[in-house]
Amino acid sequence: AAPVDYQSESATIGQGVVESNHAGYTGSGFVNFDNVTGSYVEYSVNAAQAGSYKLTFRYANGTTVDRPLAVTVDGGNAGTVSFPGTGAWTTWVTKDLTVSLTAGVNKIRTTATTANGGPNADKISLDFSGAADTEPP
Ligand code: GCU
């Protein structure tokens, strides 16, 4: 199955605004994190079963400075991802992180770790096809 998309503009936003002034985003816009440490976007995702899944972030960073995000799943540390410059705010690229999810709803929060805030966040995608499961081969 194709990865499942979760649009940033539909997520819970802590210090950030939905904008649509830089072309190339999917959905109806993207989140412009406030330029402060601690600004965040939190996505609610639903996993049919517990497992390790590939999480893909689609973002743009028109500066030359990395804008890392700390990732938590239901409050537990899931790692920090770097989001280096992409060359332009209209150049959207992806970064991957493997995350462990429990069955049911998981809150994936991405929080800026520097005073520059996060990159512009288009969406995350989860590839549920890689999960260990109980179906016959
Ligand atoms: C510019 C850009 C925004 C971006 C911001 C930033 O204002 O237009 O989309 O979020 O820079 O540096 O965070």
Side-chain angles (χ1 to χ4, degrees):
V4 180
D5 288 346
Y6 301 89
Q7 292 293 338
S8 301
E9 65 270 26
S10 305
T12 300
I13 300 164
Q15 294 184 285
V17 288
V18 175
E19 292 182 340
S20 56
N21 58 328
H22 298 301
Y25 55 83
T26 63
S28 58
F30 56 86
V31 171
N32 170 352
F33 283 76
D34 286 358
N35 301 110
V36 294
T37 300
S39 50
Y40 70 84
V41 179
E42 183 177 271
Y43 307 84
S44 231
V45 310
N46 196 22
Q49 51 192 319
S52 274
Y53 302 100
K54 185 172 77 169
L55 172 62
T56 300
F57 301 86
R58 189 166 190 266
Y59 81 99
N61 177 357
T63 77
T64 55
V65 179
D66 185 21
R67 295 200 178 181
L69 294 175
V71 181
T72 59
V73 177
D74 289 338
N77 175 35
T80 297
V81 179
S82 72
F83 293 93
T86 60
W89 291 111
T90 49
T91 300
W92 301 88
V93 306
T94 60
K95 289 281 302 239
D96 294 338
L97 175 72
T98 299
V99 291
S100 287
L101 302 181
T102 53
V105 175
N106 295 253
K107 303 276 191 188
I108 299 180
R109 185 181 290 212
T110 64
T111 303
T113 67
T114 75
N116 290 324
N120 285 352
D122 180 27
K123 66 174 179 180
I124 63 169
S125 306
L126 270 164
D127 181 358
F128 289 111
S129 65
D133 62 31
T134 55
E135 288 178 48

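All values below come from the heavy atoms of this structure, side chains included, with hydrogens, waters and symmetry mates left out. Numbering of ligands and ligand atoms starts at 1, following listing order. Nothing fancy with the numbering, it's 1 onward along the sequence.
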Item to complete: Please name all residues satisfying salt bridge (charged side-chain N to carboxylate O under 4.0 Å, His left out) with Lys54, sequence neighbours left out, ordered by chain then number.
Response: Asp96
Discussion item. Going by side-chain contact (heavy atoms from CB on, under 4.5 Å), name the residues that satisfy it together with Thr63, two or more places apart in sequence or in a different chain.
Written reply: Asn61, Val65, Arg67, Trp89
Discussion item. The criterion is side-chain contact (heavy atoms from CB on, under 4.5 Å); which residues satisfy it with Thr37, sequence neighbours excluded?
Written reply: Ala115
For each nitrogen or oxygen atom of ligand 1, which protein N/O atoms lie closer than 3.5 Å, and how far apart are they, rounded to 0.1 Å?
unit_1: ligand 1; atom_1: 8 (O); unit_2: His22; atom_2: NE2; d: 2.8
unit_1: ligand 1; atom_1: 9 (O); unit_2: His22; atom_2: NE2; d: 3.0
unit_1: ligand 1; atom_1: 9 (O); unit_2: Asn120; atom_2: ND2; d: 2.8
unit_1: ligand 1; atom_1: 10 (O); unit_2: Asn32; atom_2: OD1; d: 2.9
unit_1: ligand 1; atom_1: 10 (O); unit_2: Asn32; atom_2: ND2; d: 3.1
unit_1: ligand 1; atom_1: 10 (O); unit_2: Asn120; atom_2: OD1; d: 2.8
unit_1: ligand 1; atom_1: 12 (O); unit_2: Arg67; atom_2: NH1; d: 3.4
unit_1: ligand 1; atom_1: 12 (O); unit_2: Arg67; atom_2: NH2; d: 2.8
unit_1: ligand 1; atom_1: 13 (O); unit_2: Asn35; atom_2: ND2; d: 2.9
unit_1: ligand 1; atom_1: 13 (O); unit_2: Arg67; atom_2: NH1; d: 2.8

Worksheet item: Any sub-3.5 Å donor-acceptor pair from Asp74's side-chain atoms to Lys107's backbone N or O?
Response: yes
Discussion item. For Thr91, is there any backbone N or O sitting under 3.5 Å from a side-chain donor or acceptor partner on Thr86?
Written reply: yes
Worksheet item: Mind checking whether Tyr43 and Tyr6 have ring centres under 6.0 Å apart?
Response: no
